[in-house]
Every structure is written in structure tokens, then in C-alpha cells.
Enquirer: 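This is the structure I have questions about; it appears just below.
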2 protein chains.
Amino acid sequence: MQTEAMTKATQARTLKTRARLLEAARQAVEEQGYPGLRTEEVVKRAGTAKGTFFAHFPDKEALLDHLIGEDIDGILEEMEALPAPKTVPDLIESLMPLVTYMAQDRDIFDVIIRRSGAAAIEEIGPIAVTFERQFGIFIHWLSNPAFRQDVSPDLLAEGVQAFLVQAVALNFCALHNTIALPDRLLPYLEAWLIPGPQSS
Amino acid sequence: MQTEAMTKATQARTLKTRARLLEAARQAVEEQGYPGLRTEEVVKRAGTAKGTFFAHFPDKEALLDHLIGEDIDGILEEMEALPAPKTVPDLIESLMPLVTYMAQDRDIFDVIIRRSGAAAIEEIGPIAVTFERQFGIFIHWLSNPAFRQDVSPDLLAEGVQAFLVQAVALNFCALHNTIALPDRLLPYLEAWLIPGPQSS
DNA sequence: GGATGGAATTGACCGTGGTCAATATCTAAT
DNA sequence: ATTAGATATTGACCACGGTCAATTCCATCC
């Protein structure tokens, strides 16, 4: 009973403040974009003091984590509604919303990478949660005779994540960004998901 | 002729200052580690003003880039002296110095990832150079009948880099760091480099 | 309707990376 | 030697994320 009592104490005010901060942050991102997001700006819009912000979020990145996590969740929603792809090009097409989002901005990409794994077991951030969800989708998609069967779908899914990150990272690189993302992904995923048949 | 004249002007002083800054930074890293590195500290040790630091390096990360680049270069030196591995476990063993270095600290890993691709064609940072070098080594190692031949060694090398990054990243993740790095790499690289033979 | 104690909020303050106009130093031409 | 012009250096200054002791707010109990 203590537990509930403890978590209940004075929550109304807190939740409202948190909501105001998030709303303010959304607006700020809308206008300035993620790279231009300043905590001062968020706080000003929310009408709170700076300290309040940091009472609600451990640091600025935690806010980004939250916002980006929501974005990605929306994208995964769409992806889950899609039929399981049966070929690699189909798979890539299905992946594109996610890939495009991650590739839109270097800052966002960095945050995603940094928070994609839980930093501590106790607190798994929103982005980390979306990565687990992503992982589940991939496993589902790859449990399909159209793709290789000699290794587990789990392993295939981890590989897809690895190649996806690699492709986006290389896309940010001036030396290697002449090739479009889907075209870069194709050879990776063909070789990973359907080895053997092709020759070169 | 202008070009040479321009690059030659007043270099002695500059080079000395730069050397002092780098030396100071090395010392600071030695004592405080990379995460504890402060530009103020570097500048104090070098006996220069803060502005001088930023006249020599565009930002702090460029200094880290330089230092880490040197570290990695040393590791690649060793790796190049090694005989080309003929099995996946051998390959992993050969990779371990590099993997261990990248996995030693989250800050270092982040910088490595962020700078592993050139941000602009004109200025390829030290870490980006080491990644090209790495790439060359991998291509050499993987041009070997012991590994799959149905795709190009280039593609294999890119895949190895992708899995290597993935393995280290997961190692920083509280949810997935119960498994040792070499053990995590093994299934990835077996499935990537020697597909087919195994089952299940 | 006080009194009490815990939780939320405040805002002055700090640390650190990065800037820039002013200054000092160097090179080369006369 | 002098001077002009370029280059290197300086350090006060700013921006921005993050801290914390003080204060306000609020539920609860008498």
C-alpha cells in the first residue's frame, strides 16, 4: 500500500509540468529542429525554471530520447501494419521509413546510437525500447523460408540492425555517400539473408 | 609557387606550439584518462592561451580524433604484422586488440564512431584514415579461400566492420553485456563469412 | 484551521567548450 | 633597418548544459 501511496503523492502537478515541458519541447523542435533545441528555450516556453527541467529529465539527452523514441514508435507502428516482406528489395522498402528517419540528421543519429542500448538495466530509455521492438519485427519478418534458414532469425535480425546502422553511418560520410541508401543496403542484405545462390 | 610559400610561412613556431599541445594532451590523458580530458588542462600544461588551442584544432573532438587515431594506428601496426587468419576464431583473435580498444570506454567509442567516416572530402580525420586502413587489412585477410567467395572481399570487409561495431555497441548495453565480446562476434562472423555449412 | 513534513519548483551559480577583436610575432620586400 | 602584411597568440567573453541550497506548494493529521 505504501508503494501506491508513495507514487501517488502530489502527482497531478508533476504530471502537468512534465506535459508542459514535453509540449514545449515538441514546439521548439518543430520550429528549430532537433539540432537547434535548447533547454532554455524549452523552459521558457513551458514557463518553468531551468531546475524544473532537470528535476524531470536527468539530462537533455533524456528529453531527446523521449521525443525521438516517440517518433520511432510511430514509424514502427506503420512497419508492423505492413505485410512481411518476401524478398530483400521488399524488405529494404519496408525498412526505408526507419532508415530515412535515422539518416535525416547526424545529431539524431548519434543520439539514437548512443541510447539504442540500455545504459543500465533499471532504466531502459524509450529509444532502447523501440530497438527491442524493432528487433521483434525483424525476427518476425525473417522467420520466413524466403530467407536463409541455417541460422536463427534472432541472429539474422541482429545482422540486419548492424547493416542498417552501417549503411546510415556510411551515408553521413563524405567519402562514401555517393550511393543511395537502398542501393547500399541491397548488397549487404542479399549477402546476409540469401547467401550461396549468387556468384561474383 | 604560391602554394608552397603559403604553407611555408612561419611554420616553425606553429609546429612547436602544436607539438607542445599534443604532448600536453598526451600527459593529461595519461593522468586523467580520455573522459577526464579538459582543454583548460591541456592549455595550462602547454603554457598557451585557450585561443591558441582552438587555432590549432577546430574543436576538442579534433584533438581526440588525433590522439585516438594514433592509438588505433599503433594497433593496426600490430595487426598488419600478423599472418592472415584462416578461420573465424583466428580472425576474431586477430581483431581483439582493436575490439578491446574500442570497447574500453563509451566516450572513446562514441568519438570513434562519429569520426570513423570523413565529414568532408577535403578533411579526412585521423580516425577516418585508420578505418580506411582497417578496411584494407580486412580485404586482404578475407581474400582467402577459407572464407566465402560468392561476394567480394570488399563487401565481406564492410560486413566485418558492421558486426564489429554492433558487437562493441551491444557490449556497452546493460541488457546484453553478459556475453563476452569474442563469443558475441563468433556467431556473427561465422554466419557472415562461412554461410551454408552449419545448420539450425 | 493550523502545524508538519515531504515533494516540486526556483533561479543564481558553475564548468567547460568555443569565439573573437586586439596584440604580438614573424617574413619578406625595399 | 624599416616597414608592410601576413600569421600566431592572447585572454576576456559568451553559450549552454547542468547543480543545489533555498523556497513554495500541498496532502495529511490533530
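In what follows, chains carry the letters A, B, and so on, assigned in the order in which the sequence lines appear, proteins first and then strands, with residues in each chain numbered from 1.
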Enquirer: Side chain of B/Gln149, backbone of B/Phe147: donor and acceptor closer than 3.5 Å?
Expert: yes
Enquirer: Please answer: with hydrophobic residues joined when any side-chain heavy atoms are less than 4.5 Å apart, are A/Ile113 and A/Tyr101 in the same cluster?
Expert: yes
Enquirer: Within less than 4.0 Å of OP1 or OP2 of D/dT9, is there a side-chain N or O belonging to B/Thr48?
Expert: no
Enquirer: Under a single-linkage definition using a 4.5 Å side-chain heavy-atom cutoff for Ile, Leu, Val, Met, Phe, Trp and Tyr, are A/Val165 and A/Leu175 assigned to the same hydrophobic cluster?
Expert: no
Enquirer: Between C1' on D/dC16 and NZ on B/Lys60, what's the gap in Å once rounded to a whole number?
Expert: 15 Å
Enquirer: Across the strands shown, which category fits A/Leu63 at heavy-atom distances under 4.0 angstrom: base, sugar-phosphate, nothing?
Expert: nothing
Enquirer: Provide, to the nearest angstrom, the distance between the NZ atom belonging to B/Lys44 and the P atom belonging to D/dG11.
Expert: 15 Å
Enquirer: Could you tell me the separation between the CG atom of A/Leu21 and the C1' atom of C/dT9, rounded to a whole number of Å?
Expert: 11 Å
Enquirer: Side-chain N or O of A/Thr39 versus OP1/OP2 of D/dG17: is the shortest distance under 4.0 Å?
Expert: yes
Enquirer: Return the 5'-most residue of the pair A/Gly51, A/Arg38 with respect to DNA chain D, ranking by each residue's nearest nucleotide.
Expert: A/Arg38
Enquirer: Starting at CZ of A/Phe54 and ending at P of D/dC20, how long is that distance when rounded to a whole Å?
Expert: 13 Å
Enquirer: Establish, with yes or no, whether the OP1 or OP2 oxygen of C/dT9 is under 4.0 angstrom from a side-chain nitrogen or oxygen of A/Thr17.
Expert: yes
Enquirer: Please report, rounded to the nearest Å, how far the P atom of C/dT16 is from the CG atom of B/Leu37.
Expert: 11 Å
Enquirer: Taking atom P of C/dC26 as reference, at what distance in whole Å does atom NZ of B/Lys16 sit?
Expert: 11 Å
Enquirer: Respond yes when some side-chain nitrogen or oxygen of A/His56 is under 4.0 Å from OP1 or OP2 of C/dT9, and no when none is.
Expert: yes
Enquirer: One thing to verify: whether B/Arg45 and B/Glu23 come together as a salt bridge, which I'm taking to mean a side-chain N less than 4.0 angstrom from a carboxylate O.
Expert: no
Enquirer: In whole angstroms, how far is the P atom of C/dA7 from the CG atom of A/Leu15?
Expert: 15 Å
Enquirer: Starting from C1' on C/dT16, measure out to CD on B/Glu40 and report it in whole angstrom.
Expert: 7 Å
Enquirer: When you group the ILVMFWY residues by side-chain heavy-atom contacts below 4.5 Å and let the links chain together, are B/Val168 and A/Phe135 in the same group?
Expert: no
Enquirer: Quick one: is B/Thr52 getting a side-chain N or O under 4.0 Å of the D/dA8 phosphate, OP1 or OP2?
Expert: no
Enquirer: Under the 3.5 Å rule, do the base of D/dG17 and the side chain of A/Lys50 count as making a donor-acceptor pair?
Expert: yes
